[in-house]
Structure formats: C-alpha cells, structure tokens
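Lettering follows sequence order; numbering is per chain, from 1.
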Protein chains: 2
Amino acid sequence: MGTTQLAPVPVPEPKYLHLRTVLSQALDSEFSVGEILPNERELAARFGVARATLRQALEQLELEGRLQRRRGVGTTVAPPRVGVAVGAPGDAWPGAADDGWEPLDSAPAVPPASVADTLGTDREEAVHTVRRSRVSHGQPVAAEVLYVPRTSVPGLSAIDAPTGPARARAVLRALNTLEPGHRENAVELGSAHVDDARELDRLPGAPVLIVTTRWVTGDRTAALSVATYRADTCRLTFGEAGDVRIHHGPTASHAS
Amino acid sequence: MGTTQLAPVPVPEPKYLHLRTVLSQALDSEFSVGEILPNERELAARFGVARATLRQALEQLELEGRLQRRRGVGTTVAPPRVGVAVGAPGDAWPGAADDGWEPLDSAPAVPPASVADTLGTDREEAVHTVRRSRVSHGQPVAAEVLYVPRTSVPGLSAIDAPTGPARARAVLRALNTLEPGHRENAVELGSAHVDDARELDRLPGAPVLIVTTRWVTGDRTAALSVATYRADTCRLTFGEAGDVRIHHGPTASHAS
DNA sequence: TAGTGGTCTAGACCACTGA
DNA sequence: CAGTGGTCTAGACCACTAG
C-alpha cells in the first residue's frame, strides 16, 4: 500500500470503457431520468469514435441499468432499477393472494428433460404448465412457466376444457390447498428467448435473470417455476422488503 | 391457438441468433466440456459470416454460461454453472466458520455515499471495509467489499497497525460476537470494474451478478456487503442447498 | 417518410498466451 | 514466436417508430 501511484497504466484503457465512464458521469450530472440522449451517430461523431465503439459503451450502460434503448425511438436515461421481491415468506405457494403475478394460460405438456428430472416425473410424462406474467410499476418485468406434476394436484384431472387464464387459476388454487413446504431459489444470467423477449418487450437475446424456484414438500418437488426477469430494469430482493434502494452511485459496483 | 403455423416469419431471425442456435446444438451433440472450439476466424468462414457476427453469437453463448473465451488461448466449452449458496441460514454473520470466503484486507475508509446512507453513517465518516474473495472449485467466483460501521464493533479501535488479512479477520471475529439479526439480499446485473475484473480473472466490463446483503439488528444496518459474482460461471442459490443442479438443457431458458 | 437503433461486413491492429 | 481473442474503423442496409 506504500507504492507510488502515478501512471500505472500498462494497459491503456480501451476506448469504449473510457467512453462508458465519461458517459456515466455525464448521465449523473447533465441528464435527468427519462431524458433522451443525442442519437448514436451524433454521439459517435462528438466523441470522435466509430459508431460501433460508441455502441459498446452504450451496451455497458444499458447492462448496468443506466440507459434504455428502443429502436425507432432513441436512447433514454433509465430510472433506478425497481426492487422486485422474490420468494417472500408470505406466499408459501405460488398464486397466493395478490402477489403481482397474473395467470395467463395453462395446459398439460411434456416439460424439458431437465425439468422432468427435478420433478421426478417420467421424461415423456405431461405435467401441468402454467404461464404467468408479472407486472411492476406498469411495466412487464417477468415471464414465468410453472411446472406442476399431476400427482401434486390429483383432484384436477376433471378440468380439461377451458385452456386459458381460468384453468391457470384452477391449478394455482389447487396448489394452495396443499400443506406448504419450503422454497429453494436459484438465480443465474441468461438471454431472452424469442417468446420471453416479446412478453418482456425486449429484443431476443436481451440479458435476463433466470430465477428457478423449487417448492419442496417432504422430500419431493411439488412444483417448479422458471421465471425470466428483465435484467436491465429489475433488482431482485430476497428475504424481506421489496423496494429498499441500495447503491446506485456514480458507478455500478463499489467505488475504491 | 387455432391459427395456421407454417412460415410465420415476418422477421427473418437475425443471423447471429440463428448462429447461436446452431452452435448451441453443436455444443450439445459434438463437443464435450473443456473441449476447444475452432478459432473465430475459421468458424466465421465456415458459417459464411463476418467475424463480428460470429462473435455476437459467441457472446450470447458465453452470457448463457455455455462457452468460455480466453484471449491468447481460445474458446472452450464451459462446464455447467456451479451452484453457489448465498445467504445460507447457517452464517448469521459474515465470516462464520469455513464459509468459502477468504479475508484479504481491511482498512478504515469513507464508503460511497449510497452505502453511507443505508448504513446510517455520515457521508464523510470512515467505516471498516473488509475485502474478501470467494473461491469455489478452485476458481475465484466472487469479490466482496464489506462495510462495517465503527459503532457495530466498538471494541475494535485498538487495532490499527496490521492492515491486512489479520485485521480483516479481527473485524469479522468482532462481528460474530454480536447478537445476530436477519439478512436482506438483493441481486442485480452489473459489469465488472477493473479491480473486480482482475480479481475474478475476467476482462473489465464482463457481466457480473451484484449481491448486496444487509445485516439488520433491530432497526439499524449493522453491516453491508457488496459482492460481485462471475455471471458466466455462477448460479446463485438462496434458501438452502448449494449445488442442486436444475435446468441446463439445450437452451438457456425454458423450451416450449 | 424521416429518423432511430439493430444488424452486418471486410478489413486492420492490439494484447495476451504458450510453445 | 505464431496464434488466439479483444478492440476499432467506416461504411452499408434493415426494422421499427412516430409524425
């Protein structure tokens, strides 16, 4: 810690990273939320770089939730990420009360092999699949597919006709009559598939946070949910409160 | 629903997304973990696209944790993401037992304003900062900065000299003598800064999962941690088990 | 229709790794 | 040193939005 610190730049920072920093500071000082930036061609010219390089910087800032870009419209300053509660202790089962999820559809279907394996069902066996959508602050933030083995909701076989929201609600209702167990969540980074992207109002390939939740009763998995959250607009909170805002300082991570 | 579904492709899929799918299938069928792919110039030629386009596809696959690229070396098939337990109920305080974190250093420092605000300290007030590193399966997976207000560990002022791992351990030991409260976690997407990147063996700008943890006793924040996890190699698990593997099927999210 | 961001190209050079 | 991925350029065209 007693070393001289003058110009320890053996690696001249890449242009796009420097640009990112410059733009980031400009966002803090000269722009306000929702404001629209100059277009990419002009920004590139203004900074004396190729458009591709400028776009690399913008990509970073979008990844960090500071910018929002929409084709045909422009680049705007994004509001701070919204805190989205995941796995709050209240909803022991999915679909409890008014938890922010809206049931869209439901149908029996054969799940992906990996899902079948964790559910403990046969790989060719159909399970109830429920599609839900989550909206927060007027914006769609997540799309979910919920897999429920038939054995988890035995009384449900009678309902076959009304594929749609009604059926989805029926599955959720049936789940909520069961004895609750505990939940296990996992979060990882992914990219939005075409259908998810459409539902989240993003382009395919956009970064998403994939939350897989396992509802466990005894030693078996009673239900499995795979939810994809918009990574640009969401901060997922676990354990308690849903909208305590931490850390949206000048830069994304900690400052030295 | 009942609509004909033949060639509903009003938007011909971008090349790089199609490429991503093709490569993804190739990874599933023709390559095994750790295997090295042909170099980018050859792949681009083989698929008849520009190198930049090929790289867009590779970026996606890297984002999904399917590939690992290292400059000067090549592109290899990544192993499945490792499950990393975050906020397991066991460690009520950070630094308990052998929790996978290695203390690196500690010093008093003025934290970023946003951190000071959640800690409830003055913006110019110095707090204990502890840097830790987390290793899993021999690879560094996370870098952390832990902020501990002086008032949380009053008996510690005596220790001033030995900046380094010893001091870090002292702060953690002091914390662990306190009455435990509860934890609040939040996860969001970010990009690695220069120092984090170096510690995680990634390039600056690489996508990371930023986990902020608040330790709350009563109504005040006793400690705050900002940890950046490698997004490419990690799957963060909450609540329980640390290495149950779910869903690493042909594609990242759910399949239809 | 004009203007935006998204995709794509064909090249060049650089930084890094390992033999 | 040769070979790899990372950065950067200067263009072109496309898909989309909104007036």
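- Taking CD of A/Glu40 as the reference point, atom CG of A/Leu54 lies at 6.5 Å (rounded to 0.5 Å).
- Dashed line: the shortest gap from a side-chain N or O of A/Asn39 to OP1 or OP2 of C/dT4 is under 4.0 Å.
- Only one option out of B/Val208, B/Val86, B/Val211, B/Val84 pairs with B/Cys234 in a side-chain contact (heavy atoms from CB on, under 4.5 Å); it is B/Val84.
- Atoms CD and CZ, from B/Gln139 and B/Arg134 in turn, are 14.5 Å apart once rounded to the nearest 0.5 Å.
- Note: CD (B/Glu59) to P (D/dG5) measures 13 Å, nearest angstrom.
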Query - Base versus backbone protein contacts along nucleotides 6-13 of chain C [heavy-atom cut-off under 4.0 Å; B, S, -] - result: BBSB--BB
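- Nearest-nucleotide assignment on DNA chain D puts the 5′-proximal partner with B/Gly72, out of B/Gly72 and B/Arg202.
- Listed pair B/Thr75 / D/dG5 meets the phosphate criterion, a side-chain N or O lying under 4.0 Å from OP1 or OP2.
- Rounded to whole angstrom, the span from the CG atom of B/Leu37 across to the P atom of D/dG5 amounts to 9 Å.
- B/Ser133 and B/Glu102 share no side-chain donor-acceptor pair at under 3.5 Å.
- Checking B/Ser32 against B/Glu35 by side-chain atom types alone, a donor-acceptor pair falls below 3.5 Å.
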Report task. Toss me the dot-bracket line for DNA chain D: Watson-Crick and G-U wobble, both under 3.5 Å, 5' to 3', using | for pairs to another strand and [ ] for crossers. Result -> ||||||||||||||||||.
Indicate every side-chain donor-acceptor pair of residues 199-206 of chain B with a distance under 3.5 Å to a residue at least two apart or in another chain.
residue  : atom : partner  : partner atom : Å
B/Arg202 : NH1  : B/Glu62  : OE2          : 3.4
B/Arg202 : NH1  : B/Asp232 : OD2          : 3.1
B/Arg202 : NH2  : B/Arg69  : O            : 3.2

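- Counting only heavy atoms from C-beta outward, the side chains of A/Leu146 and A/Leu172 approach each other to under 4.5 Å.
- B/Leu43 places its CG atom 11 Å from the P atom of D/dT4, with the value rounded to the nearest Å.
- In this structure, CG of B/Leu58 is placed 8 Å from P of D/dG5, rounded to the nearest angstrom.
- No hydrogens or angles considered: nothing links the side chains of B/Arg131 and B/Ser106 as a donor-acceptor pair under 3.5 Å.
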